[in-house]
Amino acid sequence: MSDTPNTSLGPRHFDAHAEIYDRGRPPYPRALWARLRELDLLRPGVRVIELGAGTGLATGPMLAAGAAVTAVEPGRELADRLRARHPRATLLLDTAENVRLPTSTFDLAVAATSVHWFDLDTVLPELHRALVSDGCFAVWRNAFGDPNVPVTPFREQVERIVARRGERDNRPGPGELDTDMWVDRLTDSGHFEATHIEHFRWSIDLGTDRIRDLFTTFSDWRPAEVDEAASAVRALGGVVTEHYLTPLIVLRRA
Ligand SMILES: C[S@@+](CC[C@H](N)C(=O)[O-])C[C@H]1O[C@@H](n2cnc3c(N)ncnc32)[C@H](O)[C@@H]1O
């Protein structure tokens, strides 16, 4: 049935929609990359372990900054796209929980819109072992909707769709904008301490097809709901300005 919930796929949702993911997800904000360079986390020669790399949305800018990136991605379709686009990255087809990483090897670990899928009880000690003694773990996530911006006509429609479905967020962990709780989750075990927390606000104009692609990539959106969102854009003239938020949490190895 066309309205079979995407939710049953959980994290495999992304691999099942790899091509759409690749063209639908907008890039991370430039200010985020500038901050990572400013904090001296991203620099030529830095050795990065990236967990849940997808099609390489974050891998590309890190390689461009001169980093040596080892990308861990369990989804075969996603990984194939990453490999084709970023042949300089070392690719490990595995989960963050199962991957065997060398000890004291990486300067920086990165999880870009992926940490909520990990079993942190397994992953945090493993990263602690794989990072050099003063290594860092940078966690960020695109939240597609900024609650601080007045609600746009398109967002009214989105809110209506979400309200109608009731509770159905299959993404584990605290809410995407509950940064304090994420900091607690990431530091509780004592392996890491938070050193920098920042929220990047940005906006982007998206047309009907782009909204259709982007919303298809959301693991908690059904196809019929995506159709409805795309129709709303069409009715609003074919392009909407979307306001997004990207929380960044930088942790230092304790
Ligand atoms: C929303 S996507 C983000 C992908 C990419 N980092 C980006 O910024 O576009 C989440 C990614 O996490 C991956 N993932 C899910 N569970 C995982 C796990 N246990 N270990 C590693 N990656 C996982 C998915 O396959 C997917 O590529």
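As the structure lists them, so they are numbered: ligands from 1, and atoms in each ligand from 1.
- For a heavy-atom separation below 4.0 Å, the residues in contact with ligand 1 are Pro11, Phe14, Tyr21, Arg25, Tyr28, Gly52, Ala53, Gly54, Leu57, Glu73, Pro74, Leu78, Thr95, Ala96, Glu97, Ala112, Thr113, Ser114, Trp117, Phe118.
- When all heavy atoms are compared, the tightest approach of Asp227 to Arg212 is OD1-NH1, 2.6 Å.
- If you check the side chains of Arg25 and Thr217, you find a donor sitting under 3.5 Å from an acceptor.
- A salt bridge links Arg23 with Glu19; the closest basic N to acidic carboxylate O contact falls under 4.0 Å.
- Here the straight-line distance linking atom CD of Glu77 with atom CG of Asp22 works out to 11.0 Å at 0.5 Å rounding.
- Grouped by direct or indirect side-chain proximity (heavy atoms under 4.5 Å, Ile/Leu/Val/Met/Phe/Trp/Tyr only), Tyr28 sits with Leu32, Trp33, Leu36, Leu39, Leu41, Leu42, Val46, Val48, Leu57, Met62, Leu63, Val69, Leu108, Val110, Trp140, Phe200, Leu248, Val250.
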Audit row: Leu101, Leu92, side-chain contact (heavy atoms from CB on, under 4.5 Å) steps and yes/no: CA-CA 10 Å; Leu101 299 175; Leu92 304 175; 4.2 Å; yes
